[in-house]
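Structure first, commentary second.
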2 protein chains.
Amino acid sequence: MPSNAPMHLTPRKRPRQARAAATVDAIFEATIQVLVADGPDRLTTTRVAERAGVSVGTMYQYFPHKQALFYAVNERYLSALAERVEGAARAQHGAPVSEMVKAIVTTYWTVKTERPEVTRALYRSVVELDNESLIEAFAQRVDTATAAMLATAPDAAFADLRTVNLTLLTTIFGAVRSVFERDLPPLEAHAVQHQLILMCVAYLAAVKSAPRKAS
Amino acid sequence: MPSNAPMHLTPRKRPRQARAAATVDAIFEATIQVLVADGPDRLTTTRVAERAGVSVGTMYQYFPHKQALFYAVNERYLSALAERVEGAARAQHGAPVSEMVKAIVTTYWTVKTERPEVTRALYRSVVELDNESLIEAFAQRVDTATAAMLATAPDAAFADLRTVNLTLLTTIFGAVRSVFERDLPPLEAHAVQHQLILMCVAYLAAVKSAPRKAS
DNA sequence: ACCTGAACACCGTTCAAGT
DNA sequence: ACCTGAACACCGTTCAAGT
């Protein structure tokens, strides 16, 4: 659980606990900035400290190793992303499946696209460690939210909801990532987004077992 | 274009050009081994040189920086992968679309799964640089091959073949990557693979414009 | 409490010297 | 031609000293 102090670094020099909170936020912001501007390879503790306006020693008081910087940034990012998707899923309870799919794809895509440089930088910064556990935790949250949503669809039931849900999410997460990795121009990217929705809808129509459920 | 000398390092100590070729292959193999065993973070020039049985200096004669090691490994890997997919695509010319999709998904999935540790290690080693151009080159080859294949389908024509093809590949590449990233257990992974085929088939059925093409 | 920055170990890269 | 390995610059991490 990361600090949840105000995002803007407070006036500098306020004493005691508050000063520390400002320091942490500054380091945090600096990490993202360096990551975006210079890439994970040139992400240097010295550089981050400098950009944050603190000494290296201070940084090490809050982040025990360089990896911790990546970790903290990813944690905040994935947590915010999960929250958004959970919200979208909740809002679609009881809606027809096509609306559900549309909402999930659009939400995920929108969040990822809001700050493309950050998204790209984070995709690149996946450097092993417990980062995998972060992704797992994220996936778990979204899994749960969308499975609960799909279960409320009035126009479809699924023999194996868990697998259908897993396939859907794997595909959506992956497709978005691929688009970023290939750096598709906006026009093509947008076309793929639209097609992705069609694809998911067609898939759900193909595997649904009508109003009542079957084994 | 990397060296295409024999894979097994020749007996060591053979003089002249041959010795050099063996050295390069040894370095190449050592890079993969260290990558798989220790991860990209602990991939050290010293370690690779040691494992390859040469001095650091020698390594730098063939690979001008550490990045070049990652690059070379990725190049060989992606080239081999592209070749396999191209072959599969060629073999399906004139087949019904469902067969086409099945063949492409299965081939891609199979190759990626043949040596999972290598696949995982390479997914992790994507460290910017011209690595993006490698991926682009790879995607281009596969794009071309599958587009040509889809154009020969007797049971379907597509208004916008390029976009359909792009969506298909983006989805397949991405889904496979997501499965690796989440490290899904074999049973679930296999289920997703099967569902992915269903999904692609359903998608193609939904967007095809019957025997003759429409705008 | 919180911060600083010199000091140390380690890694990427070079280059003079060997065969 | 091809290889070696000591040397140098730079980065991650620590810790004694400051406020």
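Each chain gets a letter, A, B and so on, in the order the sequences are listed, and its residues count up from 1. Everything numeric here is computed off the predicted structure, so don't read it as measured data.
- Stem analysis of DNA chain C (at least three stacked-register Watson-Crick or G-U pairs, each with both distances under 3.5 Å) gives C:4-8 with D:12-16, C:12-16 with D:4-8.
- Heavy atoms of B:F63 sit nowhere under 4.0 angstrom from any nucleic acid atom.
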**Complete:** Per-nt protein contacts along nucleotides 4-19 of chain D (heavy atom under 4.0 Å; B base, S backbone sugar-phosphate only, - none) come out as BB-----SSBBB----
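- Residues passing the salt bridge (charged side-chain N to carboxylate O under 4.0 Å, His left out) test with A:R51, sequence neighbours excluded: none.
- Salt-bridge check for B:R76 with B:D25: passed, with a basic side-chain N closer than 4.0 Å to an acidic carboxylate O.
- Considering only residues two or more places apart in sequence or on other chains, B:Q193 meets the side-chain hydrogen bond (donor to acceptor under 3.5 Å, both in side chains) condition with none of them.
- Taking a cutoff of 4.0 Å between a charged side-chain nitrogen and a carboxylate oxygen, A:D38 and A:R124 do not qualify as a salt bridge.
- We find that A:R162 and B:E188 are joined by a salt bridge, their nearest charged nitrogen and carboxylate oxygen being less than 4.0 Å apart.
- Residues forming a ring pair (Phe, Tyr, Trp, His ring centres under 6.0 Å) with A:Y108 (at least two apart in sequence, or on another chain): A:F173.
- The list of ring-ring contact (aromatic ring centres under 6.0 Å, His included) pairs with a residue in residues 174-200 of chain A, not counting sequence neighbours, reads A:Y123-A:F180.
- A salt bridge links B:E181 to A:R177: at least one charged side-chain nitrogen sits closer than 4.0 Å to a carboxylate oxygen.
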